[in-house]
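One structure is given here, and the rest of the page talks about it.
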Amino acid sequence: QVQLVESGGGSVQSGGSLRLSCAASGYTNSWYSMAWFRQAPGKEREGVAAIHRGGSTSYADSVKGRFTVSQDAAKKELYLQMTSLKPEDTAMYYCALKAASRWDVRPPLLVGAYNYWGQGTQVTVSS
């Protein structure tokens with residue numbers, strides 16, 4: 001059974017930083033992509049950043065230059081370093097995982113592409 005557990009959320013002031021972590025267990029295939037999504041109250045879930053097991057990444061335009069996605073593939077851990085946080089970054093942040101091919105060029109940021117989801121961790125940015 002695949003499990004994803006997020007941690008690292010919290011409350012910060014505008015301009016601050018946070019680092020989210022996600023630990024995956026129970027997934028045995030060699031190739032996969034992992035991603036961060038977020039969902040604010042009353043809004044649809046949206047992709048934030050993703051990384052392929054091989055290292056290629058994708059970012060939403062709204063976070064480029066501020067957020068950095070990384071992984072420890074040996075541990076199947078995913079991270080999101082968030083800097084220059086804005087109030088509009090306030091949301092529940094979710095970790096997700098999907099099977100992938102070794103040859104995938106860029107991991108998707110589509111909700112429907114991911115099979116496994118964590119429970120989420122709340123990020124609140126105050127002005």
Side-chain angles (χ1 to χ4, degrees):
Q1 183 178 357
V2 177
Q3 285 193 315
L4 302 174
V5 179
E6 303 97 335
S7 60
S11 297
V12 296
Q13 290 192 327
S14 182
S17 299
L18 279 175
R19 185 177 189 245
L20 305 183
S21 299
C22 173
S25 61
Y27 186 80
T28 58
N29 291 354
S30 298
W31 294 96
Y32 56 88
S33 290
M34 294 184 74
W36 290 101
F37 290 79
R38 67 186 181 187
Q39 188 168 18
K43 295 189 176 182
E44 293 187 353
R45 192 170 297 189
E46 63 176 1
V48 176
I51 188 166
H52 182 262
R53 170 67 176 79
S56 61
T57 58
S58 300
Y59 290 94
D61 288 343
S62 59
V63 306
K64 283 180 182 176
R66 300 189 299 121
F67 291 9
T68 302
V69 64
S70 61
Q71 65 182 340
D72 183 331
K75 296 180 180 180
K76 284 195 177 67
E77 291 187 356
L78 177 71
Y79 310 104
L80 185 68
Q81 180 66 49
M82 304 185 292
T83 63
S84 301
L85 282 161
K86 305 174 181 180
E88 50 263 44
D89 294 318
T90 295
M92 185 72 78
Y93 282 71
Y94 297 91
C95 171
L97 181 149
K98 67 178 292 291
S101 163
R102 177 178 183 177
W103 312 109
D104 284 354
V105 174
R106 189 175 299 276
L109 286 175
L110 300 172
V111 172
Y114 289 81
N115 309 102
Y116 305 103
W117 293 85
Q119 294 299 308
T121 186
Q122 178 68 36
V123 171
T124 302
V125 184
S126 58
S127 57

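Keep in mind it's a predicted model, so treat the numbers as computed, not measured. Worth knowing before you read on, the calculation uses all heavy atoms, side chains too, and leaves out hydrogens, waters and symmetry mates. In what follows, residues are counted from 1 in the order of the sequence shown.
With hydrogens and angles ignored, the 3.5 Å screen pairs a side-chain donor or acceptor of Thr90 with a backbone N or O of Val125. In terms of modelled atom types and a separation under 3.5 Å, the side chain of Asn29 and the main chain of Trp31 share no donor-acceptor contact. Although no hydrogens or angles enter the test, the distance criterion places no donor-acceptor pair under 3.5 Å between the side chain of His52 and the main chain of Ser58. Side chain of Gln3 to backbone of Gly26: no donor-acceptor contact under 3.5 angstrom is found. In this structure a side-chain-to-backbone donor-acceptor pair under 3.5 Å is present from Glu6 to Cys95.
For residues 58-88, there are no ring-ring contact (aromatic ring centres under 6.0 Å, His included) pairs, not counting sequence neighbours.
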- Query: Step by step, would you call Leu4 with Leu78 a side chain to side chain contact (heavy atoms under 4.5 Å, CB included)?
  - Reply: CA-CA 10 Å; Leu4 302 174; Leu78 177 71; over 6 Å; no
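Taking a cutoff of 4.0 Å between a charged side-chain nitrogen and a carboxylate oxygen, Lys86 and Asp89 do not qualify as a salt bridge.
Residues Trp36 and Val12 share a hydrophobic cluster, clusters being chains of Ile/Leu/Val/Met/Phe/Trp/Tyr side chains in contact below 4.5 Å.
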Would you be so kind as to tabulate the donor-acceptor pairs closer than 3.5 Å made by side chains of residues 39-50, with sequence neighbours excluded?
| unit_1 | atom_1 | unit_2 | atom_2 | d |
| --- | --- | --- | --- | --- |
| Gln39 | OE1 | Arg45 | NE | 3.3 |
| Gln39 | OE1 | Arg45 | NH2 | 3.4 |
| Gln39 | NE2 | Lys43 | O | 3.1 |
| Glu46 | OE2 | Arg38 | NE | 2.7 |
| Glu46 | OE2 | Arg38 | NH2 | 3.3 |

Donor-acceptor list for residues 112-122 side chains, cut-off 3.5 Å, not counting sequence neighbours:
| unit_1 | atom_1 | unit_2 | atom_2 | d |
| --- | --- | --- | --- | --- |
| Tyr114 | OH | Pro108 | O | 2.7 |
| Trp117 | NE1 | Tyr114 | O | 3.3 |
| Thr121 | OG1 | Gly9 | N | 3.2 |
| Gln122 | NE2 | Ala91 | O | 3.4 |
| Gln122 | NE2 | Thr124 | OG1 | 3.4 |

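The hydrophobic cluster around Leu109 extends to none of the other residues, as no ILVMFWY side-chain heavy atom falls under 4.5 Å of it. Hydrophobic clustering, defined by side-chain heavy atoms of Ile, Leu, Val, Met, Phe, Trp and Tyr closer than 4.5 Å, leaves Val105 isolated from every other such residue.
Residues satisfying the side chain to side chain donor-acceptor pair (under 3.5 Å) test with Arg19, not counting sequence neighbours, are none.
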